[in-house]
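Here the structure is laid out as structure tokens; the discussion comes afterwards.
Predicted, not measured: the structure shown is a model, and the values here were computed from it. What's counted below: heavy atoms across the whole structure, side chains too, no hydrogens, waters or symmetry copies. Order of the sequence lines sets the chain letters (A, B, ...), proteins ahead of strands, with each chain counted from 1.
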Amino acid sequence: MLHPPLSSNITTNGAYTAAVEEQQLLRLLDGCTGGIRPAKRIHAHIIIRGLAQSNFLIAKLLRKATTIHRPEDYDTTTSSTSMDYSQLVFEQVSRPNAFLWTTLIRAYALRGGPEAFLLYNRMAALGTPRPISFTFSALFKACSASQQGKDIQAHTLKLGFDSDLYVQNTLIDLYVRCGCVNDARRVFDTMPTRDIISWTAMIVAYAKGGDMEAARCLFDSLPHKDMVSWTAMLSGYAQNAKPQEALQLFEEMKAAGVPIDEVTLVGAINACAQLGVLHLARQIHSLVMDYGGPESVVVGSALIDMYAKCGSLKEAYQVFEKMTVKNVFSYSAMIGSFAMHGHGRAALRLFSQMQATDIPPNSVTFIGVLAACSHTGLVEEGVQCFATMQDEYRISPSADHYACMVDLLGRAGRLEEAHELLKTMPIKPHAGVWGALLGACRIHGNANLAEVAAKHLFEVEPDGIGNYVLLSNIYAAAKRWDDVRRVRKEMRGRGLRKNPGCSWVEGKEGVQKFFAGDVLSEEIETALEELLEKASAAGYVPKLDCVVYDVSDGEKEQVLKRHSEKVALAFGLLTMESRIRIVKNLRMCDDCHLLMCVASRVAEREIVVRDNMRFHHFKQGACSCGEFW
DNA sequence: TTAGGGTTAG
């Protein structure tokens, strides 16, 4: 039996017995897994032993009962949640102390919603007990808008918590979550003492705001960095499209002997996915295995995405299959992976499998599903999924979903329908939606509708350089040179310059990067010439329309020849014995696509190209996209 | 009590 009968409390040594029993129950609570049902069992013991008024015990009990993400969060026998139960237990304590109040406030705060504030207001109205610093760190966690934070901050000032490290650190974090970098910095600057947590929170503030130089400046001036501050910096680089800097930091971190955990690895995985370099991906994967394999679904989902973006759909699927716990992220990542490689049917099959589980798809899942249909020309299926999303899953389509639908219809040549959908959508179309229409106009050579799309596009995204390039491409294809000049003049007037095309390719001695128009080594120049000769003999004729300048055909040919992916291909032919993998920063042009097709046949090589849209796998003269891109 | 993480269209 766990406890002696109640009567044993009534001894001359009652206080001593109670203390011993409290210790026993605390140990019991420490050993319990958390969740509502185990908590209820221990609560029964607490009541039997007459300790239901112990603030300390009850606070610990509530912390256990309200542990989130446990299946026991809902008790089917009483139809109550752990919060209903905790509230009830709390109300039975006649003199709750500040710690007990705070425990309940924190539990509500972690769940979101207004209850945390209501409870605090009740506490403040009573006037006793007075809040403690813990109370405010819990309240700041409950805030989701900076104004709420400012209101609570006024209370901290009044009660003298304005120099408390924990309170101020949580306040910085709140401003970071709300995107208020300046407010976060003001708190940071006025703190009498700061610790590594204050610094790291501030590094994150700058990283979220895209100011990686300011983040780096703080990071460099931190005398004692820990794993979290290193990881914050690394992830910041990855999130701001600076994968090389992220991986460089990862190497430095390892060299400095800083420990690494799953969060660090996720940052590195993410960076590697952006670079698209497969041998690096494999290295990081084996590092993950050294750390015990992808134990969390977070790492697994990141790995799936990484392998897909590095061109290996097979390895992405292997990771997915091996995952023992799958969730909406892992399914969405895998469906999106099939989509970017043009495997629409496989994406739809996996989506069906997902529907048979108890994991409901979310709006991101549908982006993947719709993109898969769009990249494979499965128009009716896409239309059907768009309806299912709304009717069955009650997900209202976002502008991104409309962009997919406009792309789906437009790509398939149903331009008017796409335009009609766009005009009747209930939310404001963003640049992506008009961009999809403009892209479809390019494919189907509809310069008139392109003008309509471009007009709107320039309104919502006046500095989107790609839009001007796309429009001038469309005019160029229609040989409307005056219009081409007009667009180019507009670009110049706005101080916009074309992003230089850039490709990188995996060689034996690392990754080689090429820019369009680079001066080439003799070796590469020769390899390129030989390739073009062989291709011409096999029927390749340069698509001069791809050049948007009104210059002679000879000059156009020279421009095309220097496109970075062609140079990368020539380099790959020289250095790689088998498959050639190229990553490009912009969209591949029609001419390069054609040459890749022909080259895969005449050079008898598999070529995999990732551009900023999707993957193309070239093999024996054909592309996996089936010319539908 | 307080800081770092995964899937998103053109």
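- A heavy atom closer than 4.0 Å to some atom of DNA chain B occurs in Asp400(A), Ala403(A), Cys404(A), Asp407(A), Arg411(A), these being the qualifying members of residues 397-413 of chain A.
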- Could you encode protein contacts along nucleotides 2-7 of chain B as a string, one character per nucleotide from 5' to 3', using B for base contact, S for sugar-phosphate-only contact and - for no contact, with a heavy-atom cut-off of under 4.0 Å? BBBBBB
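- His616(A) and Trp629(A) have their aromatic ring centers within a separation under 6.0 angstrom.
- Under the side-chain contact (heavy atoms from CB on, under 4.5 Å) criterion, Glu315(A) pairs with Leu278(A), Arg282(A), Tyr307(A), Ser312(A), Gln318(A), sequence neighbours left out.
- Trp101(A) and Phe90(A) have their aromatic ring centers within a separation under 6.0 angstrom.
- For Asp173(A), the salt bridge (Lys or Arg N to Asp or Glu O under 4.0 Å) partners at least two apart in sequence or on another chain are Lys141(A), Arg177(A).
- Sorted by first and then second residue, the ring-ring contact (aromatic ring centres under 6.0 Å, His included) pairs with a member in residues 179-204 of chain A read Phe188(A)-Trp199(A); sequence neighbours excluded.
- Between Tyr402(A) and His430(A), the ring centre distance reaches or exceeds 6.0 Å.
- In terms of phosphate contacts, His375(A) brings a side-chain nitrogen or oxygen within less than 4.0 Å of OP1 or OP2 of dG10(B).
- Across the protein-nucleic acid pair, Asp611(A) atom CG and dA9(B) atom P stand 12 Å apart, rounded to whole Å.
- Residue Ala431(A) is in base contact, counting any heavy-atom pair closer than 4.0 Å across all strands shown.
- Look at CG on Asn467(A): it is 9 Å from C1' on dG10(B), rounded to the nearest Å.
- Heavy atoms of Ser133(A) sit under 4.0 angstrom from at least one base atom.
- For Phe351(A) and Phe366(A), the ring centers sit closer than 6.0 Å to each other.
- For the side-chain contact (heavy atoms from CB on, under 4.5 Å) test, residues two or more places apart in sequence or in another chain that qualify with Ala333(A) are Ile304(A).
- Per the geometry, CG belonging to Leu370(A) stands 10 Å off P belonging to dG10(B), to the nearest Å.
- The distance between atom CG of Leu470(A) and atom P of dA9(B), rounded to the nearest whole Å, is 17 Å.
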